[in-house]
Number of protein chains: 2
Amino acid sequence: MLPGEVAALLRVDPKTVTRWAATGRIPSIRTPGGHRRFPRAAVMGLLTATAPDNPPNPENSR
Amino acid sequence: MLPGEVAALLRVDPKTVTRWAATGRIPSIRTPGGHRRFPRAAVMGLLTATAPDNPPNPENSR
DNA sequence: TTCCATTCGGGTAATTGGGGGA
DNA sequence: GATGTCCCAATTACCCGAATGG
């Protein structure tokens with residue numbers, strides 16, 4: 001998966017994704033020219049949202 | 001979407017949006033750096049919930 | 001081979017996160 | 001109980017020119 005795709009999915013700058021790879025926060029593969037490729041699974045793990053309990057259930061909220 | 005955008009849209013302080021995410025009142029994903037991204041749909045839900053005259057679920061707001 | 005879009009690298013400004021207090 | 005504003009540190013976004021990939 002390309003840096004631009006990951007950036008678009010997480011609403012960040014492609015440069016930020018590159019920084020994550022540089023700091024080892026996300027696994028990445030390097031092309032012979034130095035460009036990066038990211039495993040789709042790792043990217044999917046990042047966009048896992050915390051699902052809050054905010055349904056019509058007042059008793060649960062209190 | 002970004003915390004600042006949500007804050008501007010709901011006309012609250014970005015810190016308040018952060019607190020909502022922290023208390024689980026709005027779903028959010030975290031970047032590896034710790035910043036938050038909010039699903040547009042969830043923001044719209046909050047926007048509807050804070051609407052002065054069009055609350056779909058008044059009991060949900062409490 | 002040339003073509004264009006994207007990514008590379010570094011540097012700087014703006015935003016965000018967390019804690020504490022009004 | 002919830003929100004807005006203060007601090008500082010960290011993260012992120014946009015600028016440039018040059019190189020890579022298909």
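Naming: A, B, ... by sequence-line order, numbering from 1 per chain. Treat the numbers as computed from the prediction; the structure is a model and nothing was measured.
- Pairs of Watson-Crick or G-U wobble type, with distances under 3.5 Å, assemble into runs of 3 or more in DNA chain C at these ranges: C:3-19 with D:6-22.
- For the segment residues 29-39 of chain B, the set of residues with a heavy atom within less than 4.0 Å of an atom of DNA chain C comprises Arg30(B), Gly34(B), His35(B), Arg36(B), in numerical order.
- Rounded to the nearest 0.5 Å, atoms CZ (Arg25(B)) and CH2 (Trp20(B)) are 6.5 Å apart.
- Here the side chain of Thr23(A) pairs a donor or acceptor atom with the backbone of Arg19(A) at under 3.5 angstrom.
- Shown here for Ser28(B) and Pro39(B), the closest heavy-atom pair between the two residues is CA-CD, 4.4 Å.
- Distance CZ/Arg37(B) to CD1/Ile29(B): 7.5 Å, rounded to 0.5 Å.
- Within residues 9-27 of chain A, the residues that place at least one heavy atom under 4.0 Å from DNA chain C are, in residue-number order, Lys15(A), Thr18(A).
- Counting only heavy atoms from C-beta outward, the side chains of Leu2(B) and Phe38(B) never approach each other to under 4.5 Å.
- Between Val12(B) and Val17(B), the closest side-chain pair of non-hydrogen atoms falls below 4.5 Å.
- Heavy atoms of other residues, nucleotides or ligands lying less than 6.0 angstrom from CZ of Arg30(B) number more than 12.
- Rounding to whole angstrom units, CG of residue Leu2(A) and P of dT7(C) are separated by 6 Å.
- When all heavy atoms of Pro3(B) and Arg36(B) are compared, the closest pair comes out as CD-O, 3.4 Å.
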Legend entry - Thr31(B)/Leu46(A) under side chain to side chain contact (heavy atoms under 4.5 Å, CB included): CA gap, chis, key distance, verdict: CA-CA 7 Å; Thr31(B) 66; Leu46(A) 288 180; over 6 Å; no

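- Two residues are said to be in side-chain contact when any heavy atoms from C-beta on lie closer than 4.5 Å; Ile26(A) and Pro32(B) fail this criterion.
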